[in-house]
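Report on the following structure.
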Amino acid sequence: MDQYKSILCPIDFSEFSELALRYAVALAEQNHSRLIVLHSIPVSVILSGLPPFPVVNEPIWKNDMEKLLHKAVAPYLCRELKLETKIESGDAAAQILMTARDEDVDLIIMGTHGTGGYEALFMGSVTNKILHKANIPVLAVCKPTRSVLTGDPNEPLLIGKILCAIDPYHVNLSV
């Protein structure tokens with residue numbers, strides 16, 4: 001039985017999202033899942049104290065993003081993989097959550113840059129927002145100190161252990 005019918009992998013073309021895409025491809029292949037690779041183009045830039053203003057030439061940006069998205073998924077197109085790409089515009093976290101809902105996604109796999117402290121406070125963290133607002137499992141992929149992915153893209157994903165941290169004060173353990 002396939003555990004995940006549909007997986008969403010939002011990418012921002014960073015090394016973290018490229019690694020998350022490798023995990024997403026491996027899990028999609030192992031589960032015979034549909035894989036949706038999403039990129040969200042920001043519609044506005046918000047500066048402190050100023051109203052948001054629209055990005056100039058959004059259609060040009062979209063064309064550039066389509067090329068980058070195709071380049072990111074190109075290594076995986078020759079596989080037996082149900083791969084779809086989507087480009088949306090707007091707040092990345094909102095677009096990820098909306099796509100997960102609209103596409104009936106079972107799992108979100110995304111990279112995390114590991115921002116914390118003041119950096120996360122001022123810049124925000126898309127991954128953090130998704131972790132707190134998603135009603136489905138989220139696999140946050142960081143830059144690992146050791147790899148569970150080999151250099152061979154045909155090798156299976158080698159996850160040996162998973163740590164699941166819980167807060168016993170906010171979880172109903174009487175199942």
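When reading the values below, keep in mind they use all heavy atoms of this one structure, side chains included, and skip hydrogens, waters and symmetry mates.
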Within the distance-only criterion (no hydrogens, no angle test), does the side chain of [X] pair as donor or acceptor with the backbone N or O of [Y] below 3.5 angstrom?
X      : Y     : answer
His70  : Glu66 : no
Glu103 : Ile36 : no
His39  : Ile11 : yes
Ser33  : Ile7  : no

Could you grab the distance from atom [atom1] of [X] to atom [atom2] of [Y], nearest 0.5 Å is fine?
X      : Y      : atom1 : atom2 : answer
Thr85  : Ile87  : OG1   : CD1   : 6.5 Å
Ser125 : Leu131 : OG    : CG    : 7.5 Å
Asp64  : Ile41  : CG    : CD1   : 9.0 Å

*How would you list, by chain and number, every residue that makes a side chain to side chain contact (heavy atoms under 4.5 Å, CB included) with Lys133, sequence neighbours excluded?*
Leu97
_Quick check on the hydrophobic clustering: are Leu107 and Met98 connected, directly or via other members, by side-chain heavy-atom contacts under 4.5 Å?_
no
Can you give me the closest heavy-atom contact between [X] and [Y], atom names plus distance?
X      : Y      : result
Leu38  : Leu8   : CB-CD1, 3.8 Å
Arg79  : Val25  : NH1-CG1, 3.6 Å
Cys142 : Leu19  : O-CD2, 3.4 Å
Thr112 : Ala140 : CG2-CB, 4.4 Å
Gly111 : Ala20  : N-CB, 3.4 Å

*Does the pair Val141 and Ile109 meet the rule for a side chain to side chain contact (heavy atoms under 4.5 Å, CB included), with working shown?*
CA-CA 7 Å; Val141 178; Ile109 300 175; 4.0 Å; yes
Flag side-chain contact, heavy atom, 4.5 Å: [X] against [Y]:
X      : Y      : result
Phe16  : Met110 : no
Leu21  : Tyr76  : yes
Ile108 : Leu139 : no
Leu69  : Phe13  : yes
Leu27  : Gln30  : yes
Val37  : Glu84  : no

*Output all residues satisfying side-chain hydrogen bond (donor to acceptor under 3.5 Å, both in side chains) with Ser6, sequence neighbours left out; order by chain, then residue number.*
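Ser6 satisfies side-chain hydrogen bond (donor to acceptor under 3.5 Å, both in side chains) with Arg34 once adjacent residues are dropped.
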*asked:* My understanding is that only residues two or more places apart in sequence, or in another chain, count here; which of them pass side-chain hydrogen bond (donor to acceptor under 3.5 Å, both in side chains) with Asp12?
replied: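 Checked Asp12 against side-chain hydrogen bond (donor to acceptor under 3.5 Å, both in side chains); matches are Ser14, Ser17, His113.
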*asked:* Taking Glu88 first and then Lys86, would you say they form a salt bridge - that is, a charged N and a carboxylate O separated by under 4.0 Å?
replied: yes
_Step-by-step side chain to side chain contact (heavy atoms under 4.5 Å, CB included) determination, Cys9 to Leu35_ = CA-CA 7 Å; Cys9 182; Leu35 174 60; 4.1 Å; yes
